[in-house]
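Structure, as structure tokens:
Chain letters run A, B, ... following the sequence lines, proteins first, then strands; residues in each count from 1. Note that the structure is a prediction, hence the values are computed from the model and not measured.
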Amino acid sequence: MGLPVGLLTVLGAAGCGSLTGKESMLQPAGPVAAAQVQLLDSSMWIMFEIFVVVAAVLIIALIRFRARPGQTALPPQVEGNNRLELLWTIVPALLLALLAVGTVKETFALNASPTMKNSVLVDVTGHQFWWSFEYPGYGNLITANELHIPVGKRIVLGLTSADVMHSFWVPKLGGKTDLVPGKENYIWIEANTPGIYYGQCAEFCGTGHADMRLTVDAQTPQAFAAWVATMQHPVSTPTTALAKAGYRYFAQVGCSTCHTIGGTPYAGVVGPNLTDLTGRLMIAANLIPNTPANLYRWIQDPQAVKPGAKMPDLHLKSKEITALVAYLEQLK
Amino acid sequence: MASISGTANLDRTGEATAYRGLMSWLTVVDHKRIGQLYLMAGLLFFLVGGVEAFIMRLQLMHPNGHVVSAAVFNELFTMHGTTMIFLAVMPLSIGFINAIVPLQIGARDVAFPRLNALSFWLFLGGGLLLNSSWFLGGTPNAGWFNYTPISGAQFSPGLGVDFYDIGLQIAGIGTLISGINFLVTIVNLRAPGMTWFRLPMFTWTTFVTMILVLFAFPPLTVNLFLQTFERLFHAQYFNVAAGGSPLLWANLFWIFGHPEVYILILPAFGIISEVIPAFSRKPLFGYVSMVLATLAIGFLSFMVWVHHMFTLGYGPWVNSIFALTSMLIAVPTGVKVFNWLSTMWGGQLRFTTAMMWAVGFLFTFVLGGMSGVMLAVAPADLQLNNSYFVVAHFHYVLIGGSLFALLAGLYYWFPKITGRMLSERLGRWNFWLMFIGFNVTFFPMHFLGLEGMPRRIFTYSPGFGFTFWNQVATFGVFILAAGVLALVVNVVRSAAAGERASADPWDARGLEWSMSSPAPAYNFAKIPLVRGYDPLWVEKLHGDGRMIAAPQAPGAHHAPPGMVHMPRPTIVPLLVALTLVAAGYGFIFSQLWLEVLALLLLGVSLHRSMFEVDPGEYVRVRPEDEEAMSAHG
């Protein structure tokens, strides 16, 4: 039994040290995530200490008190010890009280409200299987799946859902909170440094759940302001002949029933807003890189790219798809 | 016990049952054989749930895996969780409770033997109905806690969720009846001298478990009814647009769901409290504090349900309160662990396979309990909730806790249940393969959770750091599966041709070791007198090692000398369950004729079961069972 304990300890230390992935919660990049990981850390250490004590007692008992041949006399039939029993009721309770203080403190500290001072409000709506982000403070500009935020500022997210429950989770910026239909939940996040932070839906929401991903693009205030300006004056007029054809197809084949493109009459609200499509790194809710080839693949057969996607296969002809891609590639 | 009327037939042969072969199983009312049925069915469902898990691990071995589709994966994890919780671990616990508790308290059977049979048939019927969904066009796919609105008619239009609602409803009624049955049994059928503070720990934990069943299952029943009405008859309880709320389901579910996890673990605590003293040659350390801890855990288990929903946005007050109550549960649980360690301390430890499982339990359960405390820290839980860290946590408490303890119980009580010993040699293989396989599979899931991998995703992309630990976990599953195979081989071979077991093969302490293995139909030739905690041990120390018969209460009904009055076998419980299951299919497939016909037949069989008087029968006591009790009784 000593072997597994030692093994697990080594494994544990090595394992945690190697957790440097894109969604690792052990590498916080903002104050909310940092506070949460701090608590995670201290609870882990308290637990680890108790575990070492328990494991040590267990191992010593296993070695010292194993039955030996020739033992016939009964061991002392000890039935209990009030003082000891009291001790291991009180000591763990005290250790837990320690943990409880931090828990309550941070629970209140991390609470958010829509009226927080000096903050940017973004309304997040979960859909099967993508995210909509609306900025009421910036002329209600709307984008999807890639949340743009300025660094060093509190971002208050108002979370709700258009269909089933989802959960917003970008581990490096903060823990998750559910998007519940008929309810508005508020959380806040903040990024210390510019960068792309990854996350994904964390409440099972159907066939496409695993592919409902998102990124947060934390930008310098200047870059964020520039992004807002672009969004408020979108470039959506097709220039080439092919793109013009794509612009027409967008309405003819039915794309506009679901999608909005700012600066055009297209105003569907079922699917993601496409106004800043070329500015996005990924498509299909952050599943595949935003390249013309992938866009083609996606329009041609959404189900093949993302099982469960609500976007229908419209059985478009190759030339229609090519034109649509050409048009969409111009959206800025 | 069945009502004793003056018209009882004197059975010619003195045989325990009027039926033989298959019919004797279908009409069974003997708690020991019902226990065996539960254990066999539980093991079978455990294998089904295991295969589902195995396929999921294959799918997750590589990023962008293609072993199964997203839709099938969602069905797999839904059925895996539902099967393991409702149809494997719980029935295995109830199997041991059936087989052992009446023996431990000195009773001839449970209080309501026919209801006991009904419980089993309802569980089996509900479980089979649920699993038949794989073949009948629509498997539940909304996760084992089946949150609305995803499980509602709009987003899950198929039959899958109907199978879930109705299957669990039927199985749940069985569990609820079991709860009442064992509460009445433990309160009323204890042998003379078996006072509350001499009750064996396994019986104590059973008692508290059944209280939890009594109060926790009704919210589930209500929830399932609400959803059945919503899906089948267009009621609106959870639909926001119609003024309902999905939070209603979530709360009712976890008000059931959290006590449920203690329903799964408390009997395991009881088993460990029996096994460790037996193989340490010492009494259980701190018996009274163990009882109090069990009661405290049972009480607190109703106060913590929101810790499954810290992310639902109930605000800092609610989250703080439920974080504190959740942490509080660690205190009585810790008391138990330290008492077990102290029981071993200073003893003479014999490392039988049963004891190895108990020690393995201590190790893994403590790990699972600790990750549980981490999850109670609400702000940290916002990160950990619904990640693989949670998957690691509940497998540590459900496999490393409940299942390991159940296996300790299996190796310990198998001789009493079947009359044969399990092979210790295969037992070693079974233990080490499963213990190592389990840790290799589930320990890395802590890392996956910290790395940000959410649960219930059918695939992941490369580049997130998920690949390596997923591969380790899948590797571990092969070892785990080999261990399960060793278990199955051991059980099948030993049941058929294992070494014959003596009455008390472990030199153990409880009343269940005082009669022959397997126990005779009537359990005790005469109702024993309990003279202290660990009644058999008391007789070993202070008597001749055999139980003394209790003096018979004056005025009580007396069977003829050398006879015991026992309930008769009956097919009625099976008929009640069958008709209810048939009605269930009628509702799932909206077949009015089947609904009407099945409900009509259900009424008839219910009427029969309520108003039929069982005169019982006399069973002749075997001489060797007379001799197993002390003469000066």
Next on the checklist: side-chain contact (heavy atoms from CB on, under 4.5 Å) for A:Asp178 and B:Met309? Distances and angles first, verdict last.
Outcome noted: CA-CA 9 Å; A:Asp178 297 347; B:Met309 315 188 293; over 6 Å; no
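Between chain B and the options A:Glu106, A:Gln77, A:Glu184, heavy-atom pairs under 4.5 Å are most frequent for A:Gln77. With chain B as the partner, the residue from A:Ile46, A:Leu84, A:Ile187, A:Val57 showing the most heavy-atom pairs under 4.5 Å is A:Val57. Of the listed residues B:Ser280, B:Ala142, B:Gly334, B:Ser151, the one with more heavy-atom pairs under 4.5 angstrom with chain A than any other is B:Ala142.
Within a 6.0 Å sphere centred on CD of B:Gln348, other residues, nucleotides and ligands contribute more than 12 heavy atoms.
For B:Ser69, no part sits under 4.5 Å from any heavy atom of chain A, backbone or side chain. Within the 4.5 angstrom heavy-atom criterion, no atom of A:Arg68 approaches chain B. For B:Phe77, the part lying near chain A is the side chain, with the backbone staying farther off; criterion is any non-hydrogen pair under 4.5 Å. Both the backbone and the side chain of A:Ala33 come within less than 4.5 Å of a heavy atom of chain B.
Side-chain contact check for A:Val78 versus B:Trp345: every heavy-atom pair is 4.5 Å or farther apart. Side-chain contact between A:Leu58 and B:Met344 is present, with heavy atoms from C-beta onward closer than 4.5 Å. B:Val240 places none of its side-chain heavy atoms less than 4.5 Å from the side chain of A:Lys183. Considering only heavy atoms from C-beta on, B:Pro149 comes within 4.5 Å of A:Pro181 through its side chain. Within the 4.5 Å cutoff, no side-chain heavy atoms of B:Val377 are placed close to those of A:Gln36. Counting heavy atoms from C-beta outward, B:Phe338 and A:Thr89 have side chains that stay 4.5 Å or more apart. The closest side-chain heavy-atom distance from A:Val164 to B:Gln154 is not below 4.5 Å. Contact of the B:Phe447 side chain with the A:Ser24 side chain is not registered, since no non-hydrogen atoms from C-beta on lie closer than 4.5 Å.
In this structure, the side chain of A:Lys176 engages the main chain of B:Leu382 through a donor-acceptor pair within 3.5 Å. Side-chain N or O atoms of A:Glu23 include none that pairs as donor or acceptor with a backbone N or O of B:Glu451 at under 3.5 Å. A donor-acceptor pair under 3.5 Å links the side-chain atoms of B:Gln383 to the main chain of A:Pro171, judged by distance alone. Looking at A:Glu85, its side chain never comes within 3.5 Å of a backbone N or O of B:Val288 through a donor-acceptor pair.
Scored by the ring pair (Phe, Tyr, Trp, His ring centres under 6.0 Å) test, A:Phe129 finds no partners at all (sequence neighbours excluded). Here A:Trp169 pairs with nothing under the ring pair (Phe, Tyr, Trp, His ring centres under 6.0 Å) rule; sequence neighbours left out.
Interface with chain B: from residues 203-211 of chain A, residues A:Glu203, A:Phe204, A:Cys205, A:Gly206, A:Thr207, A:His209, A:Ala210, A:Asp211 qualify, criterion being any non-hydrogen pair under 4.5 Å.
Here the straight-line distance linking atom CD1 of B:Ile457 with atom CE of A:Met212 works out to 13.5 Å at 0.5 Å rounding.
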Under 3.5 Å, side-chain donor or acceptor atoms of residues 312-322 of chain B against the rest of the protein: list the pairs with distances, not counting sequence neighbours.
{"from": "B:Tyr314", "atom 1": "OH", "to": "B:Asn251", "atom 2": "ND2", "distance (Å)": "2.8"}
{"from": "B:Asn319", "atom 1": "ND2", "to": "B:Phe310", "atom 2": "O", "distance (Å)": "3.2"}
{"from": "B:Ser320", "atom 1": "OG", "to": "B:Pro316", "atom 2": "O", "distance (Å)": "2.7"}

